[in-house]
Amino acid sequence: MPSIGINIRSTKNCRYALEIAAGNKTLETRASDSLKCYIGARVGLIETGNGIACLVGYATVGEPVAIPYDNFDNHYAAHLVAPSDSFYPAPGSIKYCYPMIDATTCAHRFIKTRGIKARKI
């Protein structure tokens, strides 16, 4: 089992970690290449933003694709980030989109460790 989990913040519109674990969201978007140290690694998917952080599944982090603002909506089915969401890119910006490979769900478990982008599980 992986010993590290990446934080995936939920919004009022979408519980992204659950969508990844279920295989519905195949690209995890970030404003920077902050997950580069996890490429090729199997990590836990930790839902944040809904109270206590919770492990909801696992996935392997793939090589990111930089998607510019003008092309972001063309990939909606893979990233699920709507224009009304706080994670939607600003005009002129790019998003680093990390493929979430072989995602699986697991029994949900509260995680008490802390971390900005990742935490021990």
Side-chain angles (χ1 to χ4, degrees):
M1 283 294 162
S3 60
I4 294 292
I6 59 170
N7 295 326
I8 302 168
R9 186 169 181 81
S10 291
T11 66
K12 65 180 181 173
N13 299 325
C14 192
R15 295 177 71 185
Y16 292 115
L18 294 176
E19 294 292 344
I20 292 171
N24 300 327
K25 177 177 166 57
T26 58
L27 290 177
E28 169 60 4
T29 64
R30 301 287 167 132
S32 69
D33 60 349
S34 63
L35 298 181
K36 67 183 173 187
C37 60
Y38 303 110
I39 294 170
R42 188 110 179 125
V43 297
L45 304 171
I46 300 176
E47 181 181 36
T48 63
N50 265 347
I52 299 172
C54 185
L55 176 69
V56 299
Y58 300 96
T60 300
V61 180
E63 288 281 344
V65 175
I67 298 178
Y69 168 80
D70 294 343
N71 197 19
F72 193 70
D73 288 342
N74 294 336
H75 301 276
Y76 176 80
H79 60 63
L80 304 180
V81 180
S84 60
D85 197 289
S86 58
F87 294 120
Y88 195 78
S93 68
I94 64 165
K95 281 285 194 170
Y96 291 85
C97 298
Y98 290 86
M100 295 285 109
I101 303 163
D102 297 325
T104 60
T105 60
C106 68
H108 294 191
R109 176 169 54 101
F110 291 123
I111 303 296
K112 295 183 178 157
T113 58
R114 296 193 178 273
I116 294 172
K117 70 178 172 182
R119 58 183 79 204
K120 290 182 181 180
I121 53 176

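In this chain, residues are counted from 1 in sequence order.
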Participant: Does Phe72 have any ring pair (Phe, Tyr, Trp, His ring centres under 6.0 Å) partners at least two apart in sequence or in another chain, and if so, which?
Facilitator: His79, Tyr88
Participant: Roughly how far, to the nearest 0.5 Å, is the CG atom of Asn13 from the OG atom of Ser84?
Facilitator: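 These two atoms lie 4.5 Å from each other.
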Participant: Looking only at heavy atoms, which two atoms of Ile39 and Pro64 are closest? And how far apart?
Facilitator: CD1-CD, 3.6 Å
Participant: For residues Ile4 and Ala118, report the shortest heavy-atom separation together with the two atoms involved.
Facilitator: CG2-CB, 3.9 Å
Participant: Give the minimum heavy-atom separation between Arg119 and Ala53, together with the two atoms involved.
Facilitator: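 Looking at all heavy atoms of both residues, the closest pair is NH1-CB, 3.4 Å.
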Participant: Using the side-chain contact (heavy atoms from CB on, under 4.5 Å) rule, take Arg9 and Phe87 through it: C-alpha gap first, then chi angles, then the decisive distance, then the call.
Facilitator: CA-CA 10 Å; Arg9 186 169 181 81; Phe87 294 120; 3.8 Å; yes
Participant: Between Asp85 and Thr11, do the side chains contain a donor N or O and an acceptor N or O under 3.5 Å apart?
Facilitator: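 The criterion, which ignores hydrogens and geometry beyond distance, is satisfied for Asp85 and Thr11.
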Participant: For the hydrophobic clusters of this structure (ILVMFWY residues joined by side-chain heavy atoms under 4.5 Å, transitively), does one cluster hold both Ile111 and Tyr38?
Facilitator: no
Participant: Could you please spell out the steps behind the side-chain contact (heavy atoms from CB on, under 4.5 Å) verdict for Lys95 and Arg30?
Facilitator: CA-CA 6 Å; Lys95 281 285 194 170; Arg30 301 287 167 132; over 6 Å; no
Participant: Is any side-chain heavy atom of Glu63 closer than 4.5 Å to one of Pro99?
Facilitator: no
Participant: Between Pro2 and Gly44, what is the shortest heavy-atom contact and its length?
Facilitator: CB-N, 4.2 Å
Participant: Can you spot which of Leu45, Val56, Leu55 makes a side-chain contact (heavy atoms from CB on, under 4.5 Å) with Cys106?
Facilitator: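 The single option meeting the side-chain contact (heavy atoms from CB on, under 4.5 Å) with Cys106 is Leu55.
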Participant: Do you reckon Ile101 sits in the same ILVMFWY cluster as Ile67, going by side-chain contacts under 4.5 Å, direct or chained?
Facilitator: no
Participant: side-chain contact (heavy atoms from CB on, under 4.5 Å) between Lys120 and Ser3: does it pass, once the steps are laid out?
Facilitator: CA-CA 6 Å; Lys120 290 182 181 180; Ser3 60; over 6 Å; no
Participant: Without swapping roles, check the side chain of Lys25 against the backbone of Val81 for a donor-acceptor pair under 3.5 Å.
Facilitator: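 Not a single qualifying donor-acceptor pair exists.
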Participant: Say you draw a straight line from OG of Ser93 to CG of Asp70; how long is it, rounded to the nearest 0.5 Å?
Facilitator: 9.5 Å
Participant: Is there any side chain to side chain donor-acceptor pair (under 3.5 Å) pair reaching into residues 96-113, and which pairs are they, with sequence neighbours excluded?
Facilitator: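 Counting only pairs at least two positions apart or across chains, the side chain to side chain donor-acceptor pair (under 3.5 Å) contacts touching residues 96-113 are Arg42-Thr104.
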Participant: Do Met100 and Leu27 have side-chain heavy atoms sitting under 4.5 Å apart?
Facilitator: no
Participant: Can you tell me how far OG1 of Thr48 sits from CD1 of Ile6, rounded to the nearest 0.5 angstrom?
Facilitator: 10.5 Å
Participant: Working to the nearest 0.5 Å, report the span between CD of Glu28 and SG of Cys97.
Facilitator: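 Here the interatomic distance stands at 9.0 Å.
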Participant: Find the distance between CD1 (Ile121) and OH (Tyr58) and round it off to the nearest 0.5 Å.
Facilitator: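 So the gap between those two atoms works out to 5.0 Å.
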Participant: Between Lys117 (side chain) and Ser34 (backbone), is there a donor-acceptor pair under 3.5 Å?
Facilitator: yes
Participant: Do the non-hydrogen side-chain atoms of Val43 and Val61 ever get within less than 4.5 Å of each other?
Facilitator: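 Yes, side chains in contact.
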Participant: Roughly how far, to the nearest 0.5 Å, is the OH atom of Tyr69 from the CD1 atom of Ile94?
Facilitator: 15.0 Å
